[in-house]
Amino acid sequence: MGKIKYGYMDASGVEVIPPTFNNAFVFSEGLAVAKKSAKYGYISKDGKWVVKPQFNELWPIKNGFGCGRIGDEWLLLNAKGETIFKFTRPIIWHTDYHIALNGGLPLVETPEGNGIMNDKGDWVVSPIYNSRVYMADGGWAIKDEEFKWHIFDRNGREILPEIQFKEVYNYNDGIAVVELEDNPDVITYIRKDGVIIKSDTGVIYPFKNGVGLVSNKENKGLIDTCGNWIARFNPSLGFLYELENGFAAYFKSGKVGYLSDKGEIITEPLYDAPYYDFEFNHAIVRQGNKTGIIDSKGGLVIEMSHSKKVIISKSIFAVSESANEWTFYSFIGTEKLFQKEMSSCWALSDGLILFSREIE
């Protein structure tokens, strides 16, 4: 039996980077994490090493930053893979990671405390905090030495500094989702100017593109940034699940349906868990051991079958029709585009498709 190797191809199936890596990840902002022997580095789209493999762990570039670990040394990197800050902090648990790139600016957990750093290696928010919660806008919520919560947006500016929070759950579209000290156990949606637009109990979701999702026994639906209902559903609709890419799922009697961010029900609850996000205006759906693909109007554009499926882009999907062989199709007329011998493939990212193949 051969070994699985990773490479990259373009949307027409041309192998731009042959499968020679022991592990690899999708391209992000022009670079990809790849593994040679037991170490990780960054490669460019011509397959050359921009940062040679030397890291025990390495994370993809995000918002112009990367990070990696060499032993107990943690390195914050810029978009070119150059080190802009480093510090030593031992790993206690295998899940420890001490630089978080989720946000617009990275949160760095030095032994002295947590802070937020810019691309020059300067502290935007001094490392005097502990705890962390990622905000949907790319910011952070962190606690000071007196365990008071502070919310910082993606640029490191503090939001609502005068408000006392019991808990902070999220911040996006200028609206924080919190529990207030003077109104605990109630979810409050508060604008960055301090105006409360809604208080409720139930599920805690951030706003996405000006739309918030509310789901509890009494209230189910979508609200705008003024707290007005965009769409309000009968409580019997089922449990609503977070908006992503303009769509949300709802669960009723163990089945999954979908609705749009305008409140339109696009499918009845026809499908089995797990719930799949919409990607490129399509979503994979499941019925038993079969999967299919629906479009943004809820239509089953790719019939249910036992074959594995991957949504590659808005116009292309791939199907594993036999062992180690995948066929790529156009969503328009399900035209067959090309076939590839490979083990797995992933969605188009930065113009390239990551794939793996067993090499003798």
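Quick caveat, the model's predicted, so the values are computed rather than measured.
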Run the salt-bridge test on [X] and [Y] with the 4.0 Å N-O cut-off and return the result as yes or no.
X: D272; Y: K255; answer: yes
X: R191; Y: D193; answer: yes
X: D185; Y: K166; answer: yes
X: K5; Y: E358; answer: no

pair [X]-[Y]: side-chain heavy atoms closer than 4.5 Å:
X: W140; Y: N114; answer: no
X: F87; Y: H98; answer: yes
X: T327; Y: F338; answer: no
X: V301; Y: F317; answer: no
X: K208; Y: E244; answer: yes
X: I265; Y: L237; answer: yes
X: D261; Y: F247; answer: no
X: N130; Y: I142; answer: no

Which distance, rounded to the nearest 0.5 Å, do you find between the [atom1] of [X] and the [atom2] of [Y]?
X: E325; Y: K340; atom1: CD; atom2: NZ; value: 11.5 Å
X: S307; Y: W326; atom1: OG; atom2: CH2; value: 9.0 Å
X: N56; Y: R69; atom1: CG; atom2: CZ; value: 4.5 Å
X: D173; Y: K192; atom1: CG; atom2: NZ; value: 10.0 Å
X: I266; Y: L259; atom1: CD1; atom2: CG; value: 7.5 Å
X: L222; Y: K220; atom1: CG; atom2: NZ; value: 12.5 Å

Determine yes or no for a side-chain-to-main-chain donor-acceptor pair under 3.5 angstrom, with [X] supplying the side chain and [Y] the backbone.
X: S260; Y: E264; answer: yes
X: N23; Y: K35; answer: no
X: S28; Y: P60; answer: no
X: T188; Y: I190; answer: no

Review point. Within 45° of the axis and under 6.0 Å from the centre of the six-membered ring of F21, does NZ or CZ of K36 qualify?
Key: yes
Review point. Does NZ or CZ of R132 come closer than 6.0 Å to the centre of the six-membered ring of Y97, within 45° of the ring's axis?
Key: yes
Is the [atom1] atom of [X] crowded by more than 12 outside heavy atoms at less than 6.0 Å?
X: E146; atom1: CD; result: no
X: K52; atom1: NZ; result: no
X: K86; atom1: NZ; result: no

Review point. Any luck finding a side-chain donor-acceptor pair between Y129 and E145 under 3.5 Å?
Key: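 The criterion, which ignores hydrogens and geometry beyond distance, is not satisfied for E145 and Y129.
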Practice item. Would you tell me whether H150 and D144 have side-chain atoms, one donor and one acceptor, within less than 3.5 Å of each other? Key: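 Present: a donor and an acceptor within the cut-off.
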Looking at every non-hydrogen atom in both residues, tell me the closest pair between [X] and [Y] and how far apart they are.
X: L101; Y: N63; answer: O-ND2, 4.3 Å
X: N118; Y: L105; answer: CA-CD2, 4.1 Å
X: V51; Y: G81; answer: CG2-O, 3.5 Å
X: W74; Y: D72; answer: CD1-O, 3.5 Å
X: V285; Y: I293; answer: CG2-N, 4.4 Å
X: I294; Y: L300; answer: CG2-CD1, 3.9 Å

Practice item. Please assess F27 against L348 for the test side chain to side chain contact (heavy atoms under 4.5 Å, CB included), listing each intermediate value before the final yes or no. Key: CA-CA 9 Å; F27 269 87; L348 186 74; over 6 Å; no
Check your understanding: Are V310 and V26 connected in the hydrophobic side-chain network, where two residues link if heavy atoms are under 4.5 Å apart?
Key ->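 Unlinked, V310 and V26 end up in two clusters.
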Check your understanding: Same cluster or not: are I175 and I151 linked, directly or through other Ile, Leu, Val, Met, Phe, Trp or Tyr residues, by side-chain heavy atoms under 4.5 angstrom apart?
Key ->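 Shared cluster, no.
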Practice item. Could you give me the CA-CA distance, side-chain angles and deciding distance for L76 and I99, then say whether side chain to side chain contact (heavy atoms under 4.5 Å, CB included) is met? Key: CA-CA 7 Å; L76 178 64; I99 300 176; 3.9 Å; yes
Review point. Got a sec, which pairs hit side chain to side chain donor-acceptor pair (under 3.5 Å) with one end in residues 223-239, sequence neighbours left out?
Key: N219-R232, N234-S236
Exercise for review: Mind running side chain to side chain contact (heavy atoms under 4.5 Å, CB included) on I312 and F331 for me, showing each step along the way?
Suggested key: CA-CA 10 Å; I312 301 296; F331 277 116; over 6 Å; no
Check your understanding: Are the aromatic rings of F85 and W123 close, with centres under 6.0 Å apart?
Key ->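 They qualify: ring centres under 6.0 Å apart.
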Review point. Does the separation of the ring centres of W346 and F355 fall below 6.0 angstrom?
Key: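 For W346 and F355, the ring centres are not under 6.0 Å apart.
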Exercise for review: For K290 and E303, run salt bridge (charged side-chain N to carboxylate O under 4.0 Å, His left out): C-alpha distance rounded to whole Å, both residues' side-chain angles, the deciding distance at 0.1 Å, then the answer.
Suggested key: CA-CA 9 Å; K290 295 182 177 181; E303 297 297 324; over 6 Å; no
Practice item. Step by step, work out the salt bridge (charged side-chain N to carboxylate O under 4.0 Å, His left out) result for D153 and R157. Key: CA-CA 5 Å; D153 69 12; R157 294 186 294 255; 3.4 Å; yes
Check your understanding: Does R357 have any salt bridge (charged side-chain N to carboxylate O under 4.0 Å, His left out) partners at least two apart in sequence or in another chain, and if so, which?
Key ->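 With neighbours one apart ignored, the set is E15.
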Point to revise | Stepwise side chain to side chain contact (heavy atoms under 4.5 Å, CB included) check, K45 with L352 | key: CA-CA 8 Å; K45 289 185 178 181; L352 293 178; 4.1 Å; yes
Practice item. Among Y275, Y271, Y250, Y241, find the residue that satisfies the ring-ring contact (aromatic ring centres under 6.0 Å, His included) test when tested with Y258. Key: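 Going through the options one by one, the only one that passes is Y275.
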Check your understanding: Checking ring-ring contact (aromatic ring centres under 6.0 Å, His included) for the pair Y189/F207: CA distance, chi angles, key distance, verdict?
Key -> CA-CA 9 Å; Y189 294 85; F207 272 73; 5.8 Å; yes
